Amino acid sequence: MPLDEHSVQTVQASRWFQSPWMVLVTVLLGTSMPLADTTSMNVGRFFITRALDSDPNEARWLGGGYSLFVAIGIPLSHRLLSFFPPRTLYTLATLAFMTGSVISMNAHFMPGMMLGRSLQGIAGGILLPLSVTLLTASFPEEKRATGLLLFSLGNALAVSLGPTLGGDLVDFAGWRWTMGIHLPLGFATLLLVQLTLEDHTIEDLRRFDMPGWLLFGVSSFFLVYALMEGERFGWHSHFIFMNFLLFLVMFFSYFLWAALFSDPIFPLELFSYPGFVLLSAINLFRSISVFGRLYLLPLFLEDFYHFQAHQAGHLIMTGALVELLIPVLGTLVSTHGKLPWLTISVGTFFLGLANVAYVKLPVDAYPFFEVLLPNLVFGIGMAMVQVSITPLVQSTLPSRLFRIGNVTQLTIMFLGGTLGTVLARHFLNDLVPVFLTQRSFSPLTGRGTGGQATIEYLSREYSYNMDFWIMGIIALLASALAFWGLLLHVGPRLLPPPVEAPGTTRSKHSPED
């Protein structure tokens with residue numbers, strides 16, 4: 001029986017909503033919330049800490065603690081698909097993220113805020129790899145690379161535009177709306193989930209490794225807690241020592257469990273591939289540098305140039321706009337050969353250069369181009385690195401490990417982000433005494449009250465400048481490792497093949513097989 005005109009229109013609308021491009025729009029909207037949250041609270045932090053009756057040191061938990069819980073949530077995504085269909089899991093994770101947003105929005109003290117942020121982080125960690133799974137299942141093979149490339153673009157822009165969105169909300173709506181904005185976005189995501197997502201059959205389903213996930217999550221928490229609170233309790237205190245000890249016990253227990261369990265969340269086999277280990281080190285160092293910079297720059301602009309939160313966010317946005325180069329660069333980077341290694345080498349070099357450029361940044365006057373140009377270079381570096389990670393995973397691992405390899409690199413990125421935020425704050429505090437010991441006069445006996453204020457001002461300037469320098473050196477270290485990888489993978493191809501002795505036979509399989 002032929003369909004009437006209304007039924008035909010209904011079927012066409014249903015097909016349009018369930019097209020791969022609408023799936024892309026849906027998952028981009030869903031992941032924009034947790035990704036923007038990694039940096040949205042880097043601006044206007046003074047207002048937030050004051051409202052929560054906390055000190056600036058505790059503000060590290062707003063960004064660093066959140067990134068930690070995102071990293072803990074990422075391995076859950078594929079394992080939970082054994083219990084829930086993809087659309088159901090996406091819906092539950094979005095609802096959990098919105099619940100955490102409500103808790104954080106209504107918090108009056110830091111513990112309440114961090115309860116909501118931890119729930120947000122774990123839910124966001126589930127959404128990120130789940131979105132990649134849904135895109136892979138929705139796009140036909142010939143268009144899959146384009147869809148994943150656009151998804152990477154949206155992710156990079158969400159992280160970089162987080163300070164812009166956060167700054168505007170802090171100044172024009174109140175800091176609580178940095179959390180409240182997730183509610184309308186979440187409801188829009190839930191609506192699109194019901195219209196666009198299908199419960200695809202997911203291949204390569206894995207058992208839920210609860211002991212392994214708990215050992216990984218608890219060991220990561222003890223490490224970050226010890227690093228976060230080392231200054232407050234004292235690095236030689238018994239409490240901090242016990243946290244480090246618990247981290248080591250849990251960390252090595254995970255390795256023992258992974259060796260015994262048939263399907264751990266992070267297989268030890270991954271680290272038997274030297275190229276993947278090298279990529280992991282590069283990703284860790286560049287993430288420390290990137291998140292450290294995104295923590296430092298808004299503080300510097302607000303502290304010395306008296307920027308309001310939205311002004312600092314808009315300046316940081318200039319680097320995000322440059323990341324629109326990602327689709328262009330992605331068409332040039334193949335999954336094999338030297339191009340991904342070359343791209344990540346140059347990209348991490350630009351990230352380091354953008355930080356080192358702030359070493360001599362003056363504090364008595366705002367130099368527009370001296371602040372802007374390194375930020376544009378930073379955006380170019382981010383774009384180049386972003387398009388390189390997935391191709392390098394595919395070129396350093398066998399195909400059966402592609403998925404877990406990408407999940408591992410995503411986890412490393414957020415763990416590096418946590419360490420970057422922690423280190424940036426510690427260096428700000430610890431470099432001030434170094435500056436004071438280099439002065440020929442004491443702030444207590446020098447030039448009176450005015451002299452002491454001058455010394456304090458100069459010491460803050462010194463600590464920021466050196467902090468940018470350290471973050472730049474870390475990124476340059478990542479660049480050096482990437483150039484090493486480039487030489488290792490390209491160098492042998494430039495050499496002539498070995499001359500085989502007469503009578504010898506070549507192995508049927510190459511070493512790469």
Side-chain angles (χ1 to χ4, degrees), residues 32-33 35-52 54 56 59-60 62-64 66 105 156-182 185 289-324 351 354-383 417 420-421 424-425 428 457 460-461 463-465 467-468 471-472:
S32 66
M33 298 183 294
L35 287 171
D37 250 19
T38 59
T39 55
S40 63
M41 287 195 168
N42 286 349
V43 294
R45 194 178 291 108
F46 301 112
F47 298 101
I48 299 173
T49 53
R50 203 161 43 232
L52 295 174
S54 61
R60 291 191 299 264
L62 294 174
Y66 173 78
M105 184 181 182
L157 286 176
V159 173
S160 298
L161 290 176
T164 307
L165 177 64
D168 287 337
L169 290 172
V170 166
D171 283 345
F172 302 122
W175 72 267
R176 294 187 184 276
W177 280 102
T178 58
M179 299 288 103
I181 191 65
H182 299 312
L185 291 176
S289 176
V290 166
F291 281 78
R293 174 197 171 89
L294 292 174
Y295 177 89
L296 287 170
L297 186 55
L299 283 178
F300 185 91
L301 296 173
E302 294 173 4
D303 194 8
F304 290 104
Y305 299 148
H306 307 293
F307 273 38
Q308 294 182 344
H310 73 280
Q311 293 172 323
H314 289 167
L315 188 142
I316 295 173
M317 180 181 66
T318 58
L321 295 178
V322 178
E323 292 177 30
L324 293 171
L351 293 177
N355 276 329
V356 172
Y358 286 156
V359 171
K360 296 295 184 181
L361 200 61
V363 297
D364 53 352
Y366 170 51
F368 177 73
F369 287 104
E370 291 183 38
V371 177
L372 178 63
L373 291 180
N375 207 47
L376 298 179
V377 173
F378 177 79
I380 296 173
M382 283 286 289
T421 303
R425 183 65 198 182
L428 278 183
Y457 186 81
R460 294 204 319 274
E461 176 190 4
S463 62
Y464 273 105
N465 292 157
D467 213 342
F468 280 120
M471 293 301 155

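These numbers were taken from a predicted model, which means no experiment stands behind them.
Among all heavy-atom pairs drawn from Gly417 and Phe291, the shortest one is CA-CG, 3.2 Å. Minimum heavy-atom separation, Leu361 to Glu461: O-OE2, 4.2 Å. Of all heavy-atom pairs between Asp303 and Arg460, the closest is OD2-NE, 3.2 Å. Across Ser289 and Met471, no two heavy atoms sit closer than the pair OG-O, 2.9 Å. The two atoms that bring Ala158 and Leu35 nearest to each other are CB-CB, 3.8 Å, heavy atoms only. The shortest non-hydrogen separation linking Leu169 to Thr178 is CD1-CA, 3.8 Å.
Here Tyr464 and Tyr358 keep their ring centres 6.0 angstrom or further from each other.
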| message | Before you tell me yes or no, could you show the steps for Thr421 and Tyr66 under side chain to side chain contact (heavy atoms under 4.5 Å, CB included), namely the whole-Å CA-CA distance, both residues' side-chain angles and the distance that decides it to 0.1 Å? | response | CA-CA 11 Å; Thr421 303; Tyr66 173 78; over 6 Å; no

| field | Pair Tyr366-Phe304, ring-ring contact (aromatic ring centres under 6.0 Å, His included): steps then yes or no | value | CA-CA 9 Å; Tyr366 170 51; Phe304 290 104; over 10 Å; no

| said: As a quick check of understanding, evaluate side chain to side chain contact (heavy atoms under 4.5 Å, CB included) for Val170 and Gln308, giving each step before the final call. | reply: CA-CA 9 Å; Val170 166; Gln308 294 182 344; over 6 Å; no

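A distance of 9.0 Å separates CG of Leu297 from CZ of Phe307, quoted to the nearest 0.5 Å. Atoms CZ and CG, from Phe368 and Leu373 in turn, are 8.5 Å apart once rounded to the nearest 0.5 Å. How far CD of Gln311 is from CG of Asp168: 10.5 Å, rounded to the nearest 0.5 Å.
Ile181 places none of its side-chain heavy atoms less than 4.5 Å from the side chain of Met33. Phe468 places none of its side-chain heavy atoms less than 4.5 Å from the side chain of Val356. In this structure the side chain of Leu296 never reaches within 4.5 angstrom of the side chain of Asn355, judged on heavy atoms. Using a 4.5 Å cut-off on side-chain heavy atoms (C-beta onward), Val290 and Phe378 make contact. Taking the side chain as every heavy atom from C-beta outward, Val371 and Phe300 never approach each other to under 4.5 Å. Taking the side chain as every heavy atom from C-beta outward, Asn465 and Lys360 never approach each other to under 4.5 Å.
Remark: side-chain polar atoms of Arg293 are paired, donor with acceptor, to backbone N or O of Ala354 under 3.5 angstrom.
Partners of Asp467 by side chain to side chain donor-acceptor pair (under 3.5 Å), not counting sequence neighbours: none found.
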